[in-house]
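Worksheet: the structure to be examined is printed underneath.
So you know, we letter chains A, B, ... as the sequences are listed, proteins then strands, and number each from 1. Just so it is clear, the values below take in all heavy atoms, side chains as well, and ignore hydrogens, waters and symmetry mates. On a predicted model such as this, the values are computed, not experimentally measured, just so you know.
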Amino acid sequence: MSERYEESQLYRIRHSLAHVMAQAVLEIFPEGRVAIGPPIEDGFYYDFDLPRQLHEADLAEIETRMRRIISGNFPFARREVSADEARQLFANQPYKLELIDGLERGGYDENGNKIAEAPVISTYKQDSFEDLCRGPHVAHTGELNPNAFKLMSIAGAYWRGDSNRPQLQRIYGTAWQSGAELEEYLHRLEEAKARDHRKLGEQLGLFTFSPLVGKGLPLWKPKGAILRDTLERFLRAEQMRVGYQPVVTPHIAKVELYRMSGHYPYYADSQFPPMQVDDEEFMPKPMNCPHHIEIYRSEPRSYRDLPVRLAEFGTVYRYEQSGELTGLTRVRGFTQDDAHVFATPEQLEDEFIAVVHLIQRIFDLMGFQEFRARIGTRDPNSEKYVGAPELWEKATHAIINAADKVGLDYFVAEGEAAFYGPKLDFIFRDVLKREWQLGTVQVDYNLPERFGLEYMGEDNQPHRPIMIHRAPFGSMERFVAILIEHFGGAFPVWLAPVQVRLIPVADRHVPYLREVAAKLAEIGLRADVDDGKERMNAKIRTAQGEKIPYMLIAGDRDVENGAVSVRLRSGEDLGGMPVAEFIRKAQQIAESKSQQLMPNA
RNA sequence: GCCUACAUAGCUCAGUCGGUAGAGCACUCCCUUGGUAAGGGAGAGGUCAUGGGUUCAAAUCCCAUUGUAGGCUCCA
């Protein structure tokens, strides 16, 4: 959230409404405790510790009380207090007392983020409710529009974001300056839901889930599989061209492998449990790197062989908490477009840059522009990492150097590293504005160390290679989810599961269209003939709903001329066109992976 | 895993006060052979997520379970 937003009137409105809501809730539950209540992207929330669970029915009453408070035109009065005064003021508000301690130590703000120095402690009071708060607020409740906010939902939220601490009840609200803006926001939400990959995935027949198979385990239907397979073939070809070699590894391995890699002790909670076979333990693989490492280790390597780039669409299984599973964006079994580059220290930077270029090329092709690049570094206070700090230092520098060299616009996030090394992630938002990590590049000095990887150097001495873990898509599942939402299901021609739908004007034109379809199939265009009983108009409507790029309609005129009448998904009617001409144009669009439907004239 | 909701035909959804279930689309059949976003008619389709309970009677009320959704935590 930008500086601008924090200084805006909208920010003040939302912040103030959070206080008004807290007052309303405390009117209902005088013995309730309040925690924190900040503005957020489209509104605000406030966390409470209350004597009973809230239900959605309570929101109406809270809203009513809020409107009553607003109509009182109460000023938001700021005053500055000492830490001790604040403690007296909030003597029976334990969460506030904890915040005051934090403020006094100068350590942390209400979100637990470090702040430089001890800030001035201030409170804001409207009507009967005084809250520990840094502000800013509107001048008085009269500036709040009683018809431009709405309480949206109730959720559990752990105090200080720590699942070992009490779970509070959070009420989310949205707030705007005018009622019209509120309506527009609610409307936008509805429209976003129509673009949701889960909805489109069902509608377009791309994938499904079966409770019998298990939650978080997607089943790709034929159309979804075509889409996925097209993406895989594309990336394979790209990778072949820049020196990757394909490998294939099994879905399970001995637990011993993950003890060696260091995964097992650190991530036991998020792995599927091991299975006992004879007197050995196996588990579904949570990642592909140890397998690829074993391939590297299977033969002696010379510096002349490096870099070795091993690529695999590797399916991994992770036990994600049930409450965290979502559509295709968070699943328990997924396929990474994984590869591991084993390089000499001298090669590292060039290799890293080459990977970033590959990722950029893919994003360009898809027309992805709205993503953030994040460099995830180690949290020095956490125990969850393997490897010596010097190696981390080196790896982090290598990433930042390379990112600077490519001119990437990135931000650094402490504590977002993988357990074996720092990484560069590409982060996208879904239609509901949730962020997901897609592509990732990770520099790793640690696994080569743990597995004792070597190559023979020019000096006839063994040396340790450095690994780069990378996945431009991240996972096929998540990438396709974002892709569906990005295109709203209307995929560019090269990705569309059905590229051409042939529609007869009358039944007698079906044989002709079958011939055309055969020609299209011959050059690799995915086409089908709608020979159903409906009229042409209904068939067009159906094809339109399926977001098929090309509709070829044929009646007597077309048959006579060896032509088809071309209708585009955009609604454009191009009229009659010789079959050969359509084939040439469609092929050109498909092969160039263009996002247009027709070549420029 | 935790909090709050939701679950009725393949899909989208009605179903009042507790009285044994309905529409549109899709599907099947018949008529229609139609030139750029739904031609007409008929039919079939439901253990109201699952399992308990209350009741003369449960889609409806209660409990549990499963799944889904929005959050929280987590995310190699």
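Residue A:Lys547 qualifies as enclosed at atom NZ: its count of foreign heavy atoms under 6.0 Å is above 12.
Contact annotation: A:Tyr172 does not reach the phosphate of B:U4 (side-chain N/O to OP1 or OP2, under 4.0 Å). Applying the 4.0 Å criterion to OP1 and OP2 of B:U4, one finds that A:Gln53 has a side-chain N or O inside that range.
Among the nucleotides B:U4, B:G35, B:C75, the one closest to the side chain of A:Asp556 is B:G35. Among the nucleotides B:G35, B:U4, B:C27, the one closest to any side-chain atom of A:Asp558 is B:G35. Side-chain proximity of A:Ile553 to B:A37, B:G35, B:C11: nearest is B:G35. Looking at the side chain of A:Ala506, the nearest of the listed nucleotides B:C72, B:G39, B:U33 is B:U33. Listed nucleotides: B:C27, B:G70, B:A5. Nearest to the side chain of A:His55: B:A5. The side chain of A:Ala155 approaches B:G71 more closely than any other nucleotide in the set B:U36, B:C75, B:G71. Side chain of A:Ala538, nearest nucleotide from B:G39, B:G35, B:U4: B:G39. Distance from the side chain of A:Glu56 is smallest for B:U4 among the nucleotides B:U4, B:U33, B:A37. For A:Arg330, taking side-chain heavy atoms from C-beta onward, the closest of the listed nucleotides B:U4, B:G67, B:C74 is B:C74.
As a whole-Å value, the separation of A:Glu190 CD from B:A69 C1' is 13 Å. Distance CD (A:Glu435) to P (B:C75): 16 Å, rounded to an integer number of Å. Rounding to whole angstrom units, CZ of residue A:Arg198 and P of B:U12 are separated by 13 Å. Atom pair A:His509:NE2 and B:U36:P shows a separation of 14 Å (rounding to whole Å applied). Separating the CD atom of A:Gln203 from the P atom of B:C25 is a distance of 17 Å, rounded to the nearest angstrom. Across the protein-nucleic acid pair, A:Gln169 atom CD and B:U4 atom P stand 7 Å apart, rounded to whole Å. One interatomic measurement links the two molecules: CD of A:Gln321 to P of B:G71, which rounds to 16 Å at whole-angstrom precision. Look at CG on A:Leu513: it is 15 Å from P on B:G35, rounded to the nearest Å.
Here, B:A44 and B:C29 have their P atoms 15 Å apart, quoted to the whole Å. Using P as the reference atom, B:G10 and B:U4 are 31 Å apart when rounded to the nearest Å. The separation of B:U12 from B:G51, taken at their C1' atoms, amounts to 29 Å, rounded to a whole angstrom. The C1' atoms of B:A37 and B:C74 are separated by 46 Å, rounded to the nearest whole Å. Atom C1' of B:A9 sits at a distance of 12 Å from the matching atom of B:G24, rounded to the whole Å. A gap of 36 Å separates the P atoms of B:A5 and B:C25, to the nearest Å. The same atom, C1', is picked in B:U65 and in B:C56; the two are 29 Å apart, to the nearest Å. B:A57 and B:G18 are spaced 8 Å apart, taking the C1' atom of each and rounding to whole Å.
Nucleic acid contact class of A:Arg557 (heavy atoms, under 4.0 Å, all strands): base. At a threshold of 4.0 angstrom between heavy atoms, the contacts of A:Asp269 with the nucleic acid are absent. Residue contacts for A:Leu54: at a heavy-atom cut-off of 4.0 Å it reaches the sugar-phosphate backbone alone, with no base atom in range. Nucleic acid contact for A:His469: none, since no nucleic acid atom lies under 4.0 Å from a heavy atom of the residue. Residue contacts for A:Ile503: at a heavy-atom cut-off of 4.0 Å it reaches no nucleic acid atom on any strand shown. Residue contacts shown for A:Asn164 are absent, as no nucleic acid heavy atom lies under 4.0 Å away. A:Arg434 comes within contact range of the sugar-phosphate backbone alone, with a heavy-atom separation under 4.0 Å but no base atom that close. Using a 4.0 Å heavy-atom cutoff across all strands shown, A:Ser565 reaches at least one base atom of the nucleic acid. Within 4.0 Å of A:Ala157, counting heavy atoms only, lie sugar-phosphate atoms of the nucleic acid but no base atom. Using a 4.0 Å heavy-atom distance criterion, A:Arg535 is classed as a base contact.
Between A:Tyr258 and A:His291, the two ring planes are tilted [angle within 30° to 60°]. Ring planes of A:Tyr296 and A:Phe342: parallel class, angle under 30° (limits at 30 and 60°). Ring-plane geometry between A:Trp176 and A:Tyr185 is classed as tilted, the angle between the planes lying from 30 to 60 degrees on a 0 to 90 degree scale. Ring geometry for A:His263 against A:Tyr420 counts as perpendicular: the plane angle is over 60°, on a 0 to 90° scale with 30° as the lower cut.
Across all strands shown, nothing is found opposite B:U36 as a Watson-Crick or G-U wobble partner with both distances under 3.5 Å. Using Watson-Crick or G-U wobble geometry with both donor-acceptor distances under 3.5 Å, B:C74 finds no partner in any strand shown. With a 3.5 Å ceiling on both atom-pair distances, the Watson-Crick or G-U wobble partner of B:C29 is B:G41. Nucleotide B:A69 forms a Watson-Crick or G-U wobble pair with B:U4, both donor-acceptor distances falling under 3.5 Å. Within the shown strands, B:G24 is the pairing partner of B:C11 under the Watson-Crick or G-U definition, both distances less than 3.5 Å. Pairing for B:A57 is absent, with no Watson-Crick or G-U wobble pair whose two atom distances lie under 3.5 Å. The pairing partner recorded for B:U16 is none, the criterion being a Watson-Crick or G-U wobble arrangement whose two distances lie under 3.5 angstrom.
Checked by distance alone, A:Ser153 brings no side-chain donor or acceptor within 3.5 Å of a matching partner on the base of B:U4. The base of B:C72 is not paired with the side chain of A:Arg165 by any donor and acceptor separated by under 3.5 Å. If you check distances only, the side chain of A:Arg318 never reaches the base of B:C75 with a donor-acceptor pair under 3.5 Å. Evaluation of atom-type donor-acceptor distances gives no pair under 3.5 Å for the side chain of A:Asn537 against the base of B:G39.
A heavy-atom distance below 4.5 Å is found between the side chains of A:Asp556 and A:Arg508. Annotation: side chain of A:Leu424 is in contact with side chain of A:Phe352 (closest heavy-atom distance under 4.5 Å).
A:Tyr264 carries A:Arg259 over the face of its six-membered ring, with the cationic atom under 6.0 Å from the centre and within 45° of the normal. Cation-pi geometry between A:Arg33 and A:Tyr95 is not satisfied (NZ or CZ under 6.0 Å from the ring centre, within 45° of the ring normal).
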One pair to check against side chain to side chain donor-acceptor pair (under 3.5 Å): A:Trp436 and A:Asp430. What are the steps and the verdict?
CA-CA 7 Å; A:Trp436 300 100; A:Asp430 67 17; 2.9 Å; yes
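Positionally, the nearest nucleotide of RNA chain B for A:Ala57 lies more toward the 5' end than for the other of A:Ala57 and A:Gly161. When the nearest nucleotides of RNA chain B are assigned to A:Tyr319 and A:Arg567 by heavy-atom distance, the more 5′-ward of the two goes with A:Tyr319.
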